[in-house]
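Values below: all heavy atoms of this structure, side chains included; hydrogens, waters and symmetry mates excluded.
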Amino acid sequence: MAESAAPSLIADILRLKKERNAVILAHNYQTRDIQEIADFVGDSLGLAYKAKETDADVIVFCGVHFMAETAKIVNPGKVVVLPDANAGCSLEQACPGPQLEAFLKANAAKNYYVIAYINCSGHVKALADCICTSGNAVKIVQAAPPDRPILFVPDQNLGSWVMEQTGRKMDLWKGSCYVHVEFTRESIEKIKVDHPDAKVVAHPECTYAVRMLADEVCSTEKMVGYCKSSPASAFIIVTESGMLHRLEREVPGKTFIAGPTGHCACADCRYMKLNTLQKLHDCLHHLQPRVELPEDIRQRAEKPILRMLELSR
Ligand code: 13P
Ligand code: SF4
């Protein structure tokens, strides 16, 4: 249990969780104290499955808004809260629903098959044929109809990595994650000078130059499996800093070197880090802020999410 957090705050959260019949889901980028009190910690895909399967009445989603919204879309009857309503995502902002809708209308003749990375709004999901996460994007693209052009939104870096993996050409929306595009080849090469034997593990939201340097490119969940099974004893982790807590906890005895923070101080996602243990307590207490969305959008957004969950089993 979190040593630094006040024991009474932790006790209160556990009491409220029981009273509300709540489940606490946390993304791998959350702070250590939140990860330690959560019922499940994982990547976007694992969290989407957990949210779908839970029999709790309340889902407390410690992550960013699009993740909590996904939980609500597949659980319309449950109360879904997130500790800080301002926990957004630069990828979600890069692709506003009305803009995608207008683009699809203007390009109706292309008959696009739209694959939306889960880091997007409910409105964008409602316009998609299938959702994907970084953990299943290759599989989802391979399963797309071969006779239709694919529009991949909103992350151009994940999209181009998937094209490299599958050989399937896609049209890419020009969005990016403000955290991952700040990592540079030069900064990683500098770290490699001090740790020449360390394996470089990067998230596919990183740029091509960084992915080229990586020994492994994968989702946050797959990073845990890779570091466990690799014979290497040290890893340079090129993603958001919260990932280090998860790795240190689940892969003891190995060394994890933070991404190039010394050279570009941007390894914290400012949205993910808006959540705190106190806000987690308060949202359980007040059951606010709640995630809600219009029922017609929810129904349309649910279909491509369920298609993804089915396809990636
Ligand atoms: P994962 O699904 O790999 O955890 O990625 C989520 C995310 O927001 C990466 O920036
Ligand atoms: Fe969005 Fe990037 Fe933060 Fe992930 S790390 S939630 S993609 S802004």
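- Between F256 and M243, the closest side-chain pair of non-hydrogen atoms is not below 4.5 Å.
- In this structure, a donor-acceptor pair under 3.5 Å is present between the side chains of D171 and Y112.
- Side-chain contact annotation: Y271 with E92, donor-acceptor N/O pair under 3.5 Å absent.
- Around the CG atom of D55, the shell of radius 6.0 Å holds no more than 12 heavy atoms that belong to other residues, nucleotides or ligands.
- Partner of V200 under the side-chain contact (heavy atoms from CB on, under 4.5 Å) criterion, out of K192, H195, E216: K192 alone.
- Side-chain N/O atoms of H123 and E101 include a donor and acceptor closer than 3.5 Å.
- Other residues, nucleotides and ligands contribute over 12 non-hydrogen atoms within 6.0 Å of the NZ atom of K279.
- L151 and M308 are members of different hydrophobic clusters when ILVMFWY side chains are connected at heavy-atom separations under 4.5 Å.
- Side chains of T239 and Y29: a donor-acceptor N/O pair is present below 3.5 angstrom, by distance only.
- Under the side-chain hydrogen bond (donor to acceptor under 3.5 Å, both in side chains) rule, Q299 has a single partner from E295, K303, E302, which is E295.
- Looking at R20, its side chain does come within 3.5 Å of a backbone N or O of H285 through a donor-acceptor pair.
- Of the possible donor and acceptor atoms, one in the side chain of W173 sits under 3.5 Å from a partner among the backbone N and O of A94.
- Checked against R307 for a side-chain contact (heavy atoms from CB on, under 4.5 Å), the options L311, I305, L309 give a single hit: L311.
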query = Taking it one step at a time, do D39 and K50 satisfy salt bridge (Lys or Arg N to Asp or Glu O under 4.0 Å)?
reply = CA-CA 10 Å; D39 295 294; K50 284 288 167 194; over 6 Å; no

